[in-house]
S.K.: 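Have a look at this one.
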Protein chains: 2
Amino acid sequence: MPTEAAGKGRAPSIRDVARVAGVSHQTVSRVLNEHPSLRDSTKQRVLEVMEELQYRPNRAARALVTARSRTIGVLTTRSDQYGPASSIRAIEEAAREAEYLVLTSSVTSTDRDALREALAHLVEQSVEGLVIIAPQQRVVEAISELSVDIPYVTMQSTGLLDDTVPSVDQIGGARLATRHLIELGHRDIYHLAGPQDWIEAEARMRGFLDEMGAQEVPTTAPILGDWSAEFGYYAGREMLRIRDFTAIFSSNDQMALGLIHAIHEAGLNVPGDVSVVGFDDIPEAAHFWPPLTTVRQDFAELGRRCIARLLEGLTGDSERYRGTIAPELVVRKSTAPPRR
Amino acid sequence: MPTEAAGKGRAPSIRDVARVAGVSHQTVSRVLNEHPSLRDSTKQRVLEVMEELQYRPNRAARALVTARSRTIGVLTTRSDQYGPASSIRAIEEAAREAEYLVLTSSVTSTDRDALREALAHLVEQSVEGLVIIAPQQRVVEAISELSVDIPYVTMQSTGLLDDTVPSVDQIGGARLATRHLIELGHRDIYHLAGPQDWIEAEARMRGFLDEMGAQEVPTTAPILGDWSAEFGYYAGREMLRIRDFTAIFSSNDQMALGLIHAIHEAGLNVPGDVSVVGFDDIPEAAHFWPPLTTVRQDFAELGRRCIARLLEGLTGDSERYRGTIAPELVVRKSTAPPRR
DNA sequence: CACCCGCATGTGAACGTGCACATGCTCGAG
DNA sequence: CTCGAGCATGTGCACGTTCACATGCGGGTG
């Protein structure tokens, strides 16, 4: 005499469902995978039994037999900052919609070993694809070093190399910011750039230099920062010892905040004495003092597109998200014509 | 005649390793699980073959047979903000160390349905434990509603309910901030609180009220905010229409930033006319203008302890992280004695 | 020398799912 | 009436790992 529902601690499987519904386990599997040739009544019955038994498909078993993990890895540094964090959130959402899982691996330092280790960790979880939010150059090196052959998408692209890769037009955004300063009448403009192995930082610097060149404004070498407000502050203090400029374009909002701090501390006024433009438009930027003129980029959209792009490559669909995402100049109170 | 290494596209399995090493698959498994009774020479040989074949254990197969996913879920709102984001990072790190995976599910809105859905998503991935960074009350409701029986740890606890749960002493921190203002001579102090269903927010409000009561300073009802700088700004504008206060204690740094913005905009001075204290000590706080006096809490440590606590429950070990994490008052320039 | 114990290793069966193939049934064309 | 096509479903195995149990072997004890 067979006991009804065995339930020996394990969760119900498709076989349990099949037994109760009076069908074969394969039929249950077909219901799960939405196989076309299934009688409606059968399908309904199976679904009811699933509900009744509180059946949940076993991801591990499925991954085992299909040899696909349906998991995407995100390799990130600075995941505690607004940009990366909001991209990650969007990535998660988009992935969930496509029934993919997201595994993030954050790394504190960006040295080669740390990146390699984080990457190895993701690879060991057999992720099917990779999104990189980190100094691209080094990570790409690490990928080839580990000789893993996983499709990846990087989040810091210029929008130049390959227009099939989703990207914000960083160069264009930087030119927007720079042009804004020039149009206000500034001629002595500094650029506080990000770390040079971030493609993002390089693109913004390039945009700055391009625009300065196009408008025939002479410029000095950009200062290389590390994205932090702390750095912006100390860089600002140094710069103010000479003070041969009337405006600064900072590669992100945090460094701009540090700059403004240094300027205020020196008894100067923003934008009266020095105009400052940032990049990113973090939610706080509107409430800096003065509210920051900056370039807004849509991190969430970027995250969504990255996933779309990655999944497209994974599944072979060719529904492309072409073209770059246009950033937008948000003029607030930290910029004004130079006093003179 | 058996072909040497089959390699039909699939990654090598323990059986492949076993064949090459001339042992049984079980012996390979024992190497993986560090079984005590293994001859050293055997172990070495197996390890060499693993290296040679680039063998990677298959997580899915393991999860299938052990019925354990070794995965922890994090349910979070506002994952793009500094506090949650840095906790998540620490959680990931700690989990990785314990060979656990972290799945985060961020949710934009905090209504019941969204939380329920995000929770269901995590449950479907068969997470073994849960860390909650969200309005606790509602999530707990959702958990019982879904009748899932998963151990969980919440990140916003007061440190009062149960001292086995890791937590920052929010009440103590709030009292520190409040006492600082009182000691400076302020008597008309407002509190801008967080959303009331965040235990964190409630605890800080409680700390504020407790301290005010203990020092016999009369107080008015706190204002309930939503954590955002935007809210702080508009709340500030409203408050300044009456202006019957000389200091404000904000429940987080972002709202404090908005407040300062409103105060500056009204032509007033911080801390000259109004002193402001924040909470969290986000990295930007030191570079606000004026640099913000705030209460620092160690989000990373909190994340680590949460995982320790969760794993302890999962594995039955009893190595406890007792006691609360003490927050620290960081006095900068946004507070001063009242002008009078 | 017979016995048993413990170490090092092997054997076979699960785990829950999907795939390839097989089966029976219905329906319409010739 | 026969036959093949296609639909709805079933059967058995494979995926990579661990678990329970079996096996052989060396050595200490009586």
Side-chain angles (χ1 to χ4, degrees), chain A residues 5-47 49-50 53-71 99 101 124-126 128, chain B residues 5-47 49-50 53-71 99 101 124-126 128:
Chain A
K8 16 160 88 169
R10 280 255 183 184
S13 74
I14 48 169
R15 294 197 131 91
D16 297 320
V17 174
R19 186 161 10 89
V20 177
V23 296
S24 77
H25 71 101
Q26 178 57 11
T27 299
V28 178
S29 171
R30 280 192 257 259
V31 171
L32 285 174
N33 296 289
E34 294 178 350
H35 190 94
S37 60
L38 264 180
R39 204 182 307 163
D40 240 23
S41 61
T42 314
K43 187 171 170 179
Q44 277 313 314
R45 190 152 26 98
V46 171
L47 286 173
V49 175
M50 281 180 175
L53 298 188
Q54 293 252 46
Y55 168 79
R56 306 231 175 265
N58 183 317
R59 193 178 184 88
R62 185 175 293 182
L64 178 58
V65 68
T66 58
R68 302 201 49 195
S69 64
R70 290 197 84 82
T71 300
E99 296 187 83
L101 245 44
E124 266 162 37
Q125 310 318 319
S126 55
E128 292 179 30
Chain B
K8 14 159 89 167
R10 280 252 184 184
S13 74
I14 48 169
R15 294 197 131 90
D16 297 319
V17 174
R19 186 161 10 87
V20 177
V23 297
S24 77
H25 68 105
Q26 177 58 7
T27 298
V28 178
S29 171
R30 280 193 257 260
V31 172
L32 285 173
N33 296 289
E34 297 179 347
H35 189 95
S37 62
L38 264 180
R39 204 182 308 162
D40 238 23
S41 61
T42 315
K43 187 171 170 181
Q44 277 313 314
R45 189 153 27 97
V46 171
L47 286 174
V49 176
M50 281 179 176
L53 298 188
Q54 292 252 45
Y55 167 78
R56 305 230 176 265
N58 183 316
R59 195 180 181 86
R62 183 175 297 183
L64 177 58
V65 66
T66 59
R68 303 203 47 195
S69 64
R70 290 197 82 84
T71 300
E99 296 187 83
L101 246 43
E124 266 162 37
Q125 310 317 320
S126 54
E128 291 179 29

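Below, read A as the first sequence line, B as the second, and so on, with proteins coming before strands; counting in each chain starts at 1.
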S.K.: In whole angstroms, how far is the C1' atom of D/dT17 from the CE atom of B/Met50?
M.R.: 12 Å
S.K.: Once you round it to whole Å, what is the distance between C1' of C/dG18 and CG of B/Leu64?
M.R.: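 After rounding, the gap between these two atoms is 13 Å.
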S.K.: A/Ala63 near the nucleic acid: base, sugar-phosphate alone, or nothing, with a heavy-atom cut-off under 4.0 Å?
M.R.: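 Nothing, no nucleic acid heavy atom in range.
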S.K.: Can you find a heavy atom in the side chain of B/Arg45 that is under 4.5 Å from one in the side chain of B/Val23?
M.R.: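 Touching, per the 4.5 Å side-chain cut-off.
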S.K.: Starting at atom NE2 of A/His25, determine the distance to atom C1' of D/dG10, rounded to an integer number of angstrom.
M.R.: 8 Å
S.K.: Please confirm whether the shortest side-chain N or O distance from B/Ser29 to OP1 or OP2 of D/dT18 is below 4.0 Å.
M.R.: yes
S.K.: In Å and rounded to the nearest 0.5 Å, what is the CG to CZ distance from A/Asn58 to A/Arg62?
M.R.: 9.0 Å
S.K.: Does the side chain of B/Leu32 come within less than 4.5 Å of B/Met50's, by heavy atoms?
M.R.: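 Yes. Closest side-chain heavy atoms under 4.5 Å.
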S.K.: Measure the distance from CG on B/Asp16 to P on D/dT17 and round it to the nearest whole Å.
M.R.: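 To the nearest whole Å, that distance equals 9 Å.
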S.K.: Any chance you could measure B/Gln125, atom CD, to A/Leu101, atom CG, to the nearest 0.5 Å?
M.R.: 4.5 Å
S.K.: Any side-chain N or O of B/Thr66 less than 4.0 Å from the OP1 or OP2 oxygen of C/dC15?
M.R.: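 So the side-chain polar atoms of B/Thr66 never come under 4.0 Å of the phosphate oxygens OP1 or OP2 of C/dC15.
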S.K.: Given that B/Gly22 and B/Arg15 both sit by DNA chain C, which one's nearest nucleotide is further toward the 5' end?
M.R.: B/Gly22
S.K.: What does the inter-axis angle of the helix from C/dC1-D/dG30 to C/dG30-D/dC1 come out as, five pairs per end, nearest 10 degrees?
M.R.: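 Result, rounded to 10 degrees: 50°.
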S.K.: Contacts to DNA chain C from residues 34-47 of chain A, heavy-atom cutoff under 4.0 Å, which residues?
M.R.: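 Close to the strand, none.
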S.K.: Does a distance-only test, which skips hydrogens and angles, find a donor-acceptor pair under 3.5 Å between the side chain of A/Arg30 and the base of D/dG10?
M.R.: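 Checked by distance alone, the answer is yes.
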S.K.: Would you kindly say whether B/His25 and B/Thr27 are connected by a side-chain donor-acceptor distance under 3.5 Å?
M.R.: no
S.K.: In whole Å, what is the span from the CZ atom of B/Arg10 to the C1' atom of D/dT17?
M.R.: 13 Å
S.K.: Output the rounded distance in Å from CZ (B/Arg19) to P (D/dG16).
M.R.: 11 Å
S.K.: May I have the distance from A/Arg62 (atom CZ) to C/dC15 (atom C1'), rounded to whole angstrom?
M.R.: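 Atom-to-atom, A/Arg62 to C/dC15, this comes out as 16 Å.
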S.K.: How long is the gap from OH on B/Tyr55 to CG on B/Leu47, to the nearest 0.5 Å?
M.R.: 11.5 Å
S.K.: Is the shortest side-chain N to carboxylate O distance from B/Arg70 to B/Glu99 below 4.0 Å?
M.R.: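 Here B/Arg70 does not pair with B/Glu99 in a salt bridge, since their nearest N and O are not under 4.0 Å apart.
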S.K.: Does the pair A/Asp16/A/Arg19 count as a salt bridge with the N-to-O cut at 4.0 Å?
M.R.: yes
S.K.: Rounded to the Å, how far apart are A/Ile14 CD1 and C/dA14 P?
M.R.: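 Answer to the nearest Å: 17 Å.
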S.K.: When you match B/Ser24 and A/Tyr55 each to their closest nucleotide on DNA chain C, which lands nearer the 5' end?
M.R.: B/Ser24
S.K.: Hey, is the side chain of B/Asn33 poking within less than 4.0 Å of OP1 or OP2 on D/dT18, counting only N and O atoms?
M.R.: yes
S.K.: Looking at side-chain heavy atoms only, is the closest gap between B/Ser37 and B/His35 below 4.5 Å?
M.R.: yes
S.K.: Give, for atom CZ of B/Arg59 and atom OG of B/Ser69, the distance between the pair rounded to the nearest 0.5 Å.
M.R.: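 Atom-to-atom, B/Arg59:CZ and B/Ser69:OG are 7.5 Å apart.
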